[in-house]
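Labels below follow one simple rule: chain letters A, B, ... track the order of the sequence lines, proteins then strands, and each chain is numbered from 1. Here the structure is a predicted model, which is why all the values come from computation and not from measurement.
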There are 4 protein chains.
Amino acid sequence: MTNTVDAYAVSADELRAFIERAEQIGAEKRDLSEIEKELMAEAKGRGYETKVLRKIIALRKRKPDDVTIGTAVMEMYKAALGMA
Amino acid sequence: MTNTVDAYAVSADELRAFIERAEQIGAEKRDLSEIEKELMAEAKGRGYETKVLRKIIALRKRKPDDVTIGTAVMEMYKAALGMA
Amino acid sequence: MTNTVDAYAVSADELRAFIERAEQIGAEKRDLSEIEKELMAEAKGRGYETKVLRKIIALRKRKPDDVTIGTAVMEMYKAALGMA
Amino acid sequence: MTNTVDAYAVSADELRAFIERAEQIGAEKRDLSEIEKELMAEAKGRGYETKVLRKIIALRKRKPDDVTIGTAVMEMYKAALGMA
DNA sequence: CACGGCAAAAGCATTC
DNA sequence: GAATGCTTTTGCCGTG
């Protein structure tokens, strides 16, 4: 027979499982961040400017349309402000 | 003989390699985020409050930090301030 | 009569006003950071370890948070996980 | 006569004063952030794209030289990658 | 479905 | 120049 204690125990196991899986995913993300950091350090050692590298990557990630639209609005605002 | 064009070409290959490796890492991170999202959706379907789940996870991550900061000077300052 | 030029001019004024107000706020923030820096320098001159000071401040900022998250569901989950 | 208790008491007061001043500065910074948030919300309500607004502000904050140098390297990398 | 709030991540500055 | 913490940005989720 299933009583409240059993149900609670099952719930605790399930809860713990969810949390541990989430924490595992978090750990893997942190590993990837570490690898990325090392990669950038290597690039820097090879003479590249990591700041610009990151900008390039961000640029490629965005949809081409977003960039176009974004710059169009940007130009409009700059023009309104008398910026070159 | 190595001329500027060759050097430039090599540089381009190397540059491209760095960027593609970084983008690959980014893709893996996004995959993990997707898996995490699905995990949370599953937890929600099982009746858990994902908001609280996330807080629990954050709490467990912070707990070890509090242990780390137990220096002598810290304890002295805390005592002077009447902190537990 | 309102033509596009006038509308544009008005828009430019408004845009400029928003930006200048934002920049003013940014300047005030930087002033505060500067004051904080000086304060820490003074504390250091008085013999305090600023690193520990900052940790104390961070600790006091987190303490109220722990109280905030004391929901019933949270407590239930923590109990199920054997957390204090 | 100054004994350790008095010296300690004075130190505690001084320590507390430093920390409270720092916390006060932190509170003021948070207030400014709140005001900035409201300002941006107002701008959005007036039809401006806050994302672009922030970029404009960042642009004006940087020294003109920085922008030029940054874009030069950026163009070099983009060229090497065959980006438009 | 747009909006605002919230938590995670990235980027940045500052420290030693 | 490595590392820490802070600020800013980004994505996510619930809500009107």
Side-chain angles (χ1 to χ4, degrees), chain A residues 22-23 25-34 36-41 44-45 49-59 61-63 66 70, chain B residues 22 25-26 28-41 43-44 48-59 61-62 65 68-69, chain C residues 22 25-26 28-30 32-34 36-41 43-44 49-59 61-62 65 68-69, chain D residues 22-23 25-30 32-34 36-38 40-45 47 49-55 57-59 61-62 66 70:
Chain A
E23 285 175 342
I25 291 168
E28 288 174 32
K29 274 201 211 171
R30 257 172 275 121
D31 287 347
L32 284 174
S33 292
E34 181 62 22
E36 187 189 17
K37 212 176 97 181
E38 289 166 13
L39 178 65
M40 283 302 169
K44 188 174 192 173
E49 293 192 20
T50 58
K51 188 183 168 120
V52 179
L53 250 50
R54 290 182 189 279
K55 280 199 185 298
I56 293 275
I57 292 162
L59 210 62
K61 187 162 60 177
R62 273 185 288 181
K63 296 278 182 296
D66 293 349
Chain B
I25 291 167
E28 289 174 30
K29 274 201 212 171
R30 257 172 275 120
D31 287 347
L32 284 174
S33 292
E34 180 61 23
I35 291 170
E36 188 188 17
K37 212 173 98 184
E38 290 166 12
L39 177 65
M40 284 300 168
K44 186 173 192 174
Y48 295 98
E49 294 190 23
T50 57
K51 186 187 171 84
V52 179
L53 250 51
R54 290 182 187 279
K55 279 200 181 294
I56 292 275
I57 292 162
L59 208 63
K61 189 160 55 177
R62 273 209 299 268
D65 295 348
T68 306
I69 56 182
Chain C
I25 292 167
E28 289 174 30
K29 274 200 210 172
R30 255 171 277 119
L32 284 174
S33 293
E34 181 61 24
E36 188 187 17
K37 216 173 92 183
E38 290 166 12
L39 178 66
M40 283 302 168
K44 188 174 192 173
E49 293 191 22
T50 57
K51 186 186 170 86
V52 179
L53 251 51
R54 290 182 188 279
K55 278 200 181 296
I56 292 275
I57 292 162
L59 207 63
K61 189 160 54 177
R62 274 210 298 270
D65 295 350
T68 306
I69 55 182
Chain D
E23 285 175 341
I25 291 167
E28 288 173 32
K29 274 200 213 171
R30 259 173 273 119
L32 284 174
S33 292
E34 180 62 22
E36 187 189 17
K37 213 175 94 182
E38 290 166 14
M40 283 301 168
E42 186 190 347
K44 186 173 193 172
E49 293 193 21
T50 58
K51 189 184 169 104
V52 178
L53 250 51
R54 290 182 188 279
K55 279 199 185 299
I57 292 161
L59 211 62
K61 188 162 59 178
R62 274 185 288 181
D66 293 349

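In this structure, C:L39 and D:A22 approach most closely via the heavy-atom pair CD2-N, 3.5 Å. Residues B:A43 and B:L53 come closest through the heavy atom pair CB-CD2, 3.7 Å.
We find that CD1 of A:I56 is positioned 17 Å from C1' of E:dG11, with the value rounded to whole Å. Summarising the geometry, the separation between CG on D:L32 and C1' on F:dC6 is reported as 15 Å, rounded to the nearest angstrom. In this structure, C:M40 places its CE atom 9 Å from P of F:dC6, rounding to the nearest Å. Protein atom CZ of D:R30 is 13 Å distant from nucleotide atom P of F:dT8, rounded to whole Å. Here the P atom of nucleotide F:dT10 and the CG atom of A:L59 are 13 Å apart, to the nearest Å. Between C:E38 atom CD and E:dT14 atom P there is a gap of 13 Å when expressed in whole angstrom units. A:E34 places its CD atom 14 Å from the C1' atom of F:dT4, with the value rounded to the nearest Å. Atom pair A:E49:CD and E:dC12:P shows a separation of 12 Å (rounding to whole Å applied).
Between A:K55 and A:E49, every side-chain heavy-atom pair lies at or beyond the 4.5 Å cut-off. With a 4.5 Å cut-off on side-chain heavy atoms, D:R54 and D:M40 count as touching.
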**OP:** Take nucleotides 1-10 of chain E nucleotide by nucleotide from the 5' end and write B, S or -, depending on whether a protein heavy atom sits under 4.0 Å from the base, only from the sugar-phosphate, or from neither.
**Re:** ---SS-S-SS
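Using a cutoff of 4.0 Å between basic side-chain nitrogens and carboxylate oxygens, A:E28 and B:K29 are not scored as salt-bridged.
Scanning for side chain to side chain contact (heavy atoms under 4.5 Å, CB included) contacts around A:E38 gives A:E34, with sequence neighbours left out.
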